[in-house]
Each structure stands twice: as structure tokens, then as C-alpha cells.
Amino acid sequence: MTGAVLSAAVLGLAACDPADGLARGAVSVAVDQLSTHKLRNQDIDVDTLSCSTSTGKDAAGKAKATVTCHGETVDNRKITVTGWVSENVDNLCIRGHLTAAVAKRTVFDVTSLGNCDAPSPSSS
């Protein structure tokens with residue numbers, strides 16, 4: 001997918017987001033992109049990564065998206081990213097709990113992913 005097509009797809013998904021910002025498609029795209037970026041920053045050559053998401057509520061009644069991603073490195077090691085997302089900030093930052101493993105070795109275990117300190121473009 002080209003950058004322009006991907007950007008259009010993300011914008012289209014974001015436009016359909018519910019008020020809690022946890023539309024399945026937008027969360028899947030955000031987790032895919034932000035996880036790929038974090039893995040590559042740790043010198044892991046990601047070949048493919050694809051995420052699926054289901055949404056629901058946690059025990060307190062707050063929106064929660066459960067995420068499962070599968071992929072491979074360029075040298076054919078398996079990648080998994082699993083966890084949940086409670087907040088998606090303009091596809092630049094996600095909060096929740098995500099764990100990534102490459103060839104069954106944990107590479108990251110985080111409660112936020114992306115640039116969560118940046119000002120939100122939608123707030124300007």
C-alpha cells in the first residue's frame with residue numbers, strides 16, 4: 001500500500017471513529033504502524049505485520065479494544081503483538097498494554113506506544 005493510499009485509509013477510518021476513538025479499523029492500523037516503527041527502531045527487520053481488533057467494554061464499562069497481530073521478519077522469524085488498547089490519540093499514540101515477541105522472545109511490553117507527548121493535531 002502506498003503512503004498516500006495508506007494515509008487516505010487511515011483518515012477514512014478516523015472519520016468513522018466512535019466518540020471513544022476505538023474503531024476497530026483505526027486501532028488495527030495504529031497498532032500495526034506504531035508496533036512496526038518500534039520494532040524497526042530496535043533493529044528488527046519487519047517484513048509483514050497484520051493486526052486484527054475486537055472492541056468491547058472492560059469491567060468498569062470503559063471502551064477497550066483487544067488486539068492480535070501476526071507477522072514475520074525478513075529472515076522469517078515469527079512476530080506477535082498482543083494486548084489491549086484503551087485510547088487511540090489521532091493514530092499517533094495508543095495507550096493500554098501491548099506485548100511484542102519475535103521468535104517467542106519478548107521485544108517490548110509497554111503501556112503506551114507512539115509519541116504520546118506530542119500535541120494532538122485535532123486539538124489545534
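Both backbone and side-chain heavy atoms feed into the values below; hydrogens, waters and symmetry mates do not. Please read all numbers here as calculations on a predicted model, not as lab measurements.
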Which atom names give the shortest non-hydrogen contact between [X] and [Y], and what distance separates them?
X	Y	value
Asn91	Ala26	OD1-O, 3.5 Å
Gly114	Leu34	CA-CD2, 3.9 Å
Arg24	Ser54	CD-CA, 3.9 Å
Leu22	Ser86	CD1-O, 3.7 Å

Does Asp58 reach the main-chain N or O of Ala60 with its side chain, forming a donor-acceptor pair under 3.5 Å?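 Judged by distance alone, yes, a pair lies under 3.5 Å.
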For a quick test of your reading: what N or O donor-acceptor pairs under 3.5 Å do the side chains of residues 41-48 make, sequence neighbours left out?
{"residue": "Asn41", "atom": "ND2", "partner": "His37", "partner atom": "NE2", "Å": "3.2"}
{"residue": "Thr48", "atom": "OG1", "partner": "Glu72", "partner atom": "N", "Å": "3.4"}

Would you sort out whether Thr73 and Val102 count as a side chain to side chain contact (heavy atoms under 4.5 Å, CB included), showing the intermediate values? CA-CA 8 Å; Thr73 63; Val102 176; 3.9 Å; yes
I need the full list of disulfide (SG to SG under 2.5 Å) pairs touching residues 56-91, with sequence neighbours left out, sorted by first then second residue.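 Every disulfide (SG to SG under 2.5 Å) pair that includes a residue of residues 56-91, provided the two are not neighbours, is Cys51-Cys69.
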Scan for disulfide (SG to SG under 2.5 Å) pairs involving residues 70-105, sequence neighbours excluded, and state none if there are none.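 Only Cys93-Cys116 qualify under disulfide (SG to SG under 2.5 Å).
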How about Ser28 and Thr53: does a side-chain donor come under 3.5 Å of a side-chain acceptor?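 Yes, side-chain donor-acceptor contact under 3.5 Å.
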Go through it in stages, so that I can follow the logic: the residues are His97 and Val85, the test is side chain to side chain contact (heavy atoms under 4.5 Å, CB included), and I'd like the CA-CA distance, side-chain angles, deciding distance and then a yes or no. CA-CA 6 Å; His97 184 236; Val85 172; over 6 Å; no
Does some side-chain heavy atom of Lys38 sit less than 4.5 Å from a side-chain heavy atom of Leu113?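 Sidechains of Lys38 and Leu113: in contact.
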Less than 4.5 Å apart, any side-chain heavy atom of Thr99 and any of Val81?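 No, side chains not in contact.
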Kindly compute the distance separating [atom1] ([X]) from [atom2] ([Y]), expressed to the nearest 0.5 Å.
X	Y	atom1	atom2	value
Ile94	Trp84	CD1	CH2	11.5 Å
Asp32	Ser50	CG	OG	6.5 Å
Gln33	Leu92	CD	CG	9.5 Å

Any chance you could lay out the side chain to side chain contact (heavy atoms under 4.5 Å, CB included) test for Leu98 and Thr82, step after step, and finish with the verdict? CA-CA 6 Å; Leu98 295 168; Thr82 58; over 6 Å; no
Quick one: which of Lys64, Lys62, Arg95 gives a side-chain contact (heavy atoms from CB on, under 4.5 Å) with Glu87?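 Considering Lys64, Lys62, Arg95, a side-chain contact (heavy atoms from CB on, under 4.5 Å) with Glu87 is found only for Arg95.
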